[in-house]
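Encoded as structure tokens, the structure appears first; notes follow it.
Naming convention: chains lettered A, B, ... in sequence-line order (proteins, then strands); numbering from 1 in each chain. All of these numbers come straight from a predicted model, not from anything done at the bench.
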Amino acid sequence: MLNLAQIVQSHALSFFYLSSPDLLLGFDSDPALRNLVGVARQTPDLARDGVALRRFGQRIIERLGGKRIHPAWVVPGGVSRPLDASERDSILAEIPDARERAHRTLEWFKKNVASWTEEAAHFGDFPSLYMGLVHEGGNAAYSDGLLRVVDSSGWVMADGVDPRAYDEYLGETVEPWSYLKSTYFKPLGYPAGIYRVGPLARLNVAERLGTSAADAELAEYRDRLGRYPSSSFHYHYARLIEIVHCIDVIDEILSRPDILDPHVRARAQINRNEGVGVSEAPRGVLIHHYKVDDDGLVEWVNLVIATGHNNLAMNRSVLQTARHYIKGDQVKEGMLNRVEAVIRCYDPCLSCSTHAVGQMPLEVDIRDAEGSLLRQVSR
Amino acid sequence: MSKPRLATIWLDGCSGCHMSLLDMDERLFDITERVDIVYGALVDVKEFPEDVDVTLVEGAISSEDDLRKIYEVRRNTRVLVSLGDCAVTSNVPGMRNQIGPAAILERAYLENVTINPQLPGPMVPRLLAMSRPVHAVVKVDVFVPGCPPSADLIHSVLDDLISGRVPVTAGVTCFG
Amino acid sequence: MSVLTLTIEGRDVAGQTGHTILQVARENGIAIPTLCHLQGLSDVGACRLCVVEVEGQRKLFPACVTTIDEGMKVTVNSERLAAHRRRIVELLFTERNHICSVCVADRNCELQDLAVEVGLTHFDLPLLSPQAVVDATHERFGIDHNRCVLCTRCVRVCDEIEGAHTWDVMGRGTEARLITDMGIPWGDSNTCTSCGKCVQVCPTGALFEKGRSVAEARRRRPYLPYLVAHEGRTR
Amino acid sequence: MTEAGTPTPARRRRQESLIPAGPVRASAHVCMAAGCLSMQADTVFDSLCERVTARGLTDVAVKRVGCLGLCAAGPLVAVPEMGRMYDHVAAGDDAALDGVVDGLAGGEGGRQTATDPFFSHQVKVVLEHCGQIDPERVEDYVAVGGYESLTKAVTTMTPAEVLGEVSRSGIRGRGGAGYPTGLKWTTVAKTDSPQGKYVVCNGDEGDPGAFMDRSVLESSPQQVLEGMAIAGYAVGANHGYVYVRAEYPLAVKRLTTAIRQAEHAGLLGPRIADTSFGFDVEIRIGAGAFVCGEETALIASIEGGRGTPRPRPPYPAASGLWGKPTLINNVETLASIPAIIGRGAEWYSAIGSGKSLGTKVFALAGSVVNTGLIEVPLGLTLREIVFDIGGGLPGGGKFKAVQTGGPSGGCMPESLLDMSVDYESLAQAGSIMGSGGMIVMDDGTCMVDVAKFFMDFCREESCGKCVPCRVGTTQMYHLLDRITRGLASRDELGELESLAGMVRDTSLCGLGQGSPNPVVSTLRYFRDEYMAHIDDHVCPAGVCKMEPREAALAAGEVAP
Amino acid sequence: MTVAAAAPPASPPRDDKRWRQVDVRIRRLGARPDALIEVLHTVQEVFGYLDDDALSYVSEALGVPPSRVLGVATFYSHFVRKPQGEHTCVVCMGTACYINGAGAILSRIHDTLGIDAGGTTPDGQISLLRARCLGACSMAPAVVIDDEVHGRLSPDGVQQMLEAL
């Protein structure tokens, strides 16, 4: 439930705080106004929905983990204390409002989706693999389940993969120009093994989400875009559907009879020296692999962060968007903004995945056919 | 009288402090009405502007890029606020100071790589020998410790600054 | 036991001969910051946080070990003392690696509380960032030398209350650190009775209970009745 | 009393002095202290014995003695009957050796100690017998009046009278703090303790650049033992400890011999001078910890523990070794007692001036011609000591500062050369008397580097118990290190000064409280040198290596 | 928790007769706990250094907790816990020696022998130690090689002496 709340708040942040200015005010609008404040002024309701949805997710995290950022509730062996009735009821009370806002935003998005057809066609629309966690029945999984990889036509490249075997399917490589490592799908090798994770990938990989309202939206999503949409632009649409889904799952979980059961903590000694944990973070598959010594001290760690999985896809998308929108040597600000907007589709968290570079330095080299440099533009 | 110019920047940090800034929920709009946000994660400005009134700095100084930016921020800011434990004490980024940057880079980019292991080259900013808190490099006017500082605290600090008061965080909040 | 009268912070108070300034102050609700002091253990006057001014004396006196005299005029809060205490807490934070955000004792640590009490918001001095190890060889407990402030409460409780004297300090100056027996891993000690008193008295996250994470704050000393019963007994 | 050494020229069993049976017209005193010994003084001794015997001078003695003071000119041979001193009598230098023997036979040569400034300014009380007697023969000490004071005290004076004599003499602790000795003795005497009391002689002498105690222990160990016994009688203690540094093996050897001989001669042990008063002495060897010079740390060390000081009160005088009243005095203080009891308090208090009475032994070292040991009445000026007695700086070097008090002391610049050397003036000048180390520095010395040297010393010698000293010295050292590398800013200098104040005020013992003194005093008199390092990135004395600015800027080590 | 290691034997295998000297010293001092430092001096004189076996043995013999014994053994700089080289070279770093160039001597020795203070040359020949003050200030800078004090040395002089060893 903590993870689902995190997905709701993170998706709200990505859609409302970071991407809505492009979508609402237009990719070519005045950059000085093209931000959350601009959105708040133009469509206060949408902005309020965003803040409310994010607060809904954060408040759940705060109640369970004591604080909104870096909560301390999950412990090795379970959680540190059970849920009490008052917390459950106060969350349940907020669900209707959140559900209504989620649907309203989804409807708004669907109404306007037509105005972004050009962007949709050139924001990283290329065939690639998709990876995500799935339950046996094909339902989308967010905190357990097994890994499934499908290609852009839906052919299942790998299924029921136990997370412990992640390193048989995923390889990592380094590019000299970035602290963010690139992961690739080993069976296809590098760079052919390009794959995407996150909302777009999850909806492609899963048969269905598992909650009625969300599955209805999913069906409409697939009617509009096809069974396996391949443009990264649709991350936005997928995110909104996932918000609806997560809210409903939280509702289900809280309605379970045993939700208040006090047995929430298992205690164990060090009976294994290695462990792998995989979950679906808001931005995609998150892999934690630890090795400990016999006393329980962590000796070795490997974390593959969601944004890392998407690195190759993001680079390919920037290339595609830049090629399309930059013609001749004239470059309008809106064009450069679109090059960045395609990256925002992935909702990358460069800090988490690199811990070194906080800001995206954007430099565009404009070369002529022979490759000689015409102009260099940096933003 | 023109509204105070507010900037936020995040160096070697996990963005938790910026998330905490957003966690003031609706009060954020009260703040954005009373200031002009001239630089930061929420606005699309690439160069750090001049004569900024208040800059919230999250994150430690760990790379040459951080160093360049913090000098630039200091040059153009009246009140520099060290926001969060990373900026105030170098916190988690500073944990590598015990073993130095080389060991970290080798572990990530040589040992833990399947094909063409290499240390990221000249285009990316070099890591400094030591990751330092902001005030070890430039003068800091207000310290807001916490990992992250609570949304209420950030709101009260901003409220004080906007109203011309000097915020007092001593004895109010602590590290961690 | 004759009673002596003195003034602390301008208030007339009385205390028994042989009692310390700290005892009398606390009996009268006057707060004095302490760290290495723990009621029930002998006092060593090592952290110097409780130094107070005594009228007519240039020197400062640690309240935890200085016994009261008739007509003594004690100042507990002054600008000078506040600055000294802030500096002492700062020195402790910079000596080793006290990263509260990732510490098992976050929000449950006396050093962290002291930082708030003395109004410390940052460190002007550089962090020394020494290399220090974690010994988790004991089945139930572990020691993280990064968090140790060398207050020696553990040494004293193990010696004076448990009587095992498993803990002691080795080395000198800032190289000093805690050892079990002949500097062997804690799990191999054959003097340690695994009673856990040291873990309960440790003010920071240095001594911790394995398996009990930051979310499960551990119970603190007030629950150790036998400590209070041995008030000030030294051996 | 054993018979004096036999004159037979047979090979002596253990280099005993060559003493003729008949009357002695002249005697050659060969200095056997560590300094001269390291320049093969024992070979010099053998050569002189052979030459005197070969020349058939049957009325000439050749004696092994303790420190003659002028170590710079070692190996030394003195002829007290003629008031002469031969210097640089190198082991293989036949001309010098023959020169001495000619002198003994009635010729000229050597320095006239009466007129030589190094000797003429001195007033020897503690060092009176140094260089006169053979430290390893109690008979020599007795022959010059040794143990008469002890006998006088135990047979003719009551403990109270002894206390009164010492108090009236005005002598103050020679260990460094200058606490009135009489007052300390009285406190111990007043505290009754059925399980007994102790007298402890503090021979830890950890101050770098100080070797007074070593010379006294190596040259006249009996004098110290007699002082301890008198103190024991006065305060009611029957047992004493001498705590000597492990770095002084020769002193330990001679002290052990002295104790055995004294006990053998009934001067120490159960019944001293046939009275009911008994006093025995045990040696405890230090193991290398400067902090053990501090009283409570010394006690902890004698008790077999880590030398960590304890808060005071309770003072050792009331509750010290194993909780019993303990009198702790420095070697030099105890070595002065026999003279005070022998010649009376009035004689002693006539020496010196103001509240600093009696004499003080100083160890002159560093950039000075006559490095060595001197004993002068308190109140002499620094100029007299450094230039008249010390002979000024070698090779005409330019005087810059003189450091007294070791790691807890301070540096006095040229402007204070005419200041009188006594407890009060030194304290006012920001230093302390300390144990007596006096190190002269020429203009080739960088005062910031000296401050860093002493801080490095305190950082390593800190026992680590109390926070201000353990961490304070380390942080002050880092600040000083940055200054000497030209990386520090003015703010950091402010940090250093504020930290110094705090460490002085809150540290538990003298080591911590005194550790900022070298920094504070060099800042007081040589602030311009600090500013040269900080503002101009230059070391005026050319000692410190400045780090390149650009590299430091690029690494974020310095602000622009 | 690993099975508790068998308690170390009451006294380590003492076929070496030098232990007898230690036993005599312990007996003469009445095996009292506060004779710890004196006994450690004897052990170091006899064996050249204090190894863990010796410390455990002394701990048992005097009834002093092992942690306290190690605490004392590591507090004092005179006690060494690693075997020393054939020859010892002690450089005095007292004030008088320091300002007369002891630093230059120490770095020259470091360059000659390739070890730092507290280390021993790989061939076990020479141990380099740093002393706080040897009381030979009149002959600053002073170096003690195998208990022989050498005064007023130059870096070259020291190098020659070391190479002669």
So for B:Glu111, is it side chain, backbone, both, or neither that comes closer than 4.5 Å to the heavy atoms of chain A? side chain

Sort B:Leu110 into side chain, backbone, both or neither according to what part of it lies under 4.5 angstrom from a heavy atom of chain A. neither

Crowded around [X] [atom1]? As in, over 12 foreign heavy atoms under 6.0 Å?
X: A:Arg48; atom1: CZ; result: no
X: A:Arg164; atom1: CZ; result: no
X: A:Lys332; atom1: NZ; result: no
X: A:Glu299; atom1: CD; result: yes

If we only count heavy atoms from C-beta on, is the [X] to [Y] side-chain gap below 4.5 Å?
X: A:Glu175; Y: B:Met123; result: no
X: B:Thr114; Y: A:Lys186; result: yes
X: A:Trp177; Y: B:Val124; result: no
X: A:Gln58; Y: B:Leu22; result: no
X: A:Val37; Y: B:Phe29; result: no
X: B:Asn112; Y: A:Lys181; result: yes

Assess the residue pair A:Leu13 and B:Met19 against the criterion (side chain to side chain contact (heavy atoms under 4.5 Å, CB included)); give the C-alpha distance rounded to whole Å, side-chain angles, the decisive distance to 0.1 Å, and a yes or no. CA-CA 9 Å; A:Leu13 171 69; B:Met19 291 306 117; 3.6 Å; yes

Mind checking what makes side chain to side chain contact (heavy atoms under 4.5 Å, CB included) contact with A:Glu94, not counting sequence neighbours? A:Phe56, A:Arg59, A:Arg63

A:Tyr179 and B:Leu105: CA distance, side-chain angles, deciding distance, side chain to side chain contact (heavy atoms under 4.5 Å, CB included) verdict: CA-CA 9 Å; A:Tyr179 276 120; B:Leu105 293 171; 4.0 Å; yes

Residue by residue, scan residues 141-152 of chain B and write down, ordered by number, those that have a heavy-atom distance under 4.5 Å to chain A; if none do, write 'none'. B:Cys147, B:Pro148

Return the [atom1] to [atom2] distance between [X] and [Y], rounded to the nearest 0.5 Å.
X: A:Ile69; Y: B:Cys17; atom1: CD1; atom2: SG; answer: 8.5 Å
X: A:Asn35; Y: B:Leu42; atom1: CG; atom2: CG; answer: 8.0 Å
X: B:Asp23; Y: A:Lys67; atom1: CG; atom2: NZ; answer: 11.5 Å
X: B:Leu28; Y: A:Arg54; atom1: CG; atom2: CZ; answer: 9.5 Å

Exam field: side chain [X] to backbone [Y], donor-acceptor pair closer than 3.5 Å:
X: B:Tyr109; Y: A:Pro176; value: no
X: A:Arg68; Y: B:Ser20; value: no
X: B:Gln118; Y: A:Val174; value: yes

Salt bridge between A:Arg55 and B:Glu26, side-chain N to carboxylate O under 4.0 Å? yes

Segment of A:Leu36 engaging chain B (4.5 angstrom heavy-atom cut-off): both

Let me know if A:Val39 has heavy atoms under 4.5 Å from chain B in its side chain, its backbone, both or neither. neither

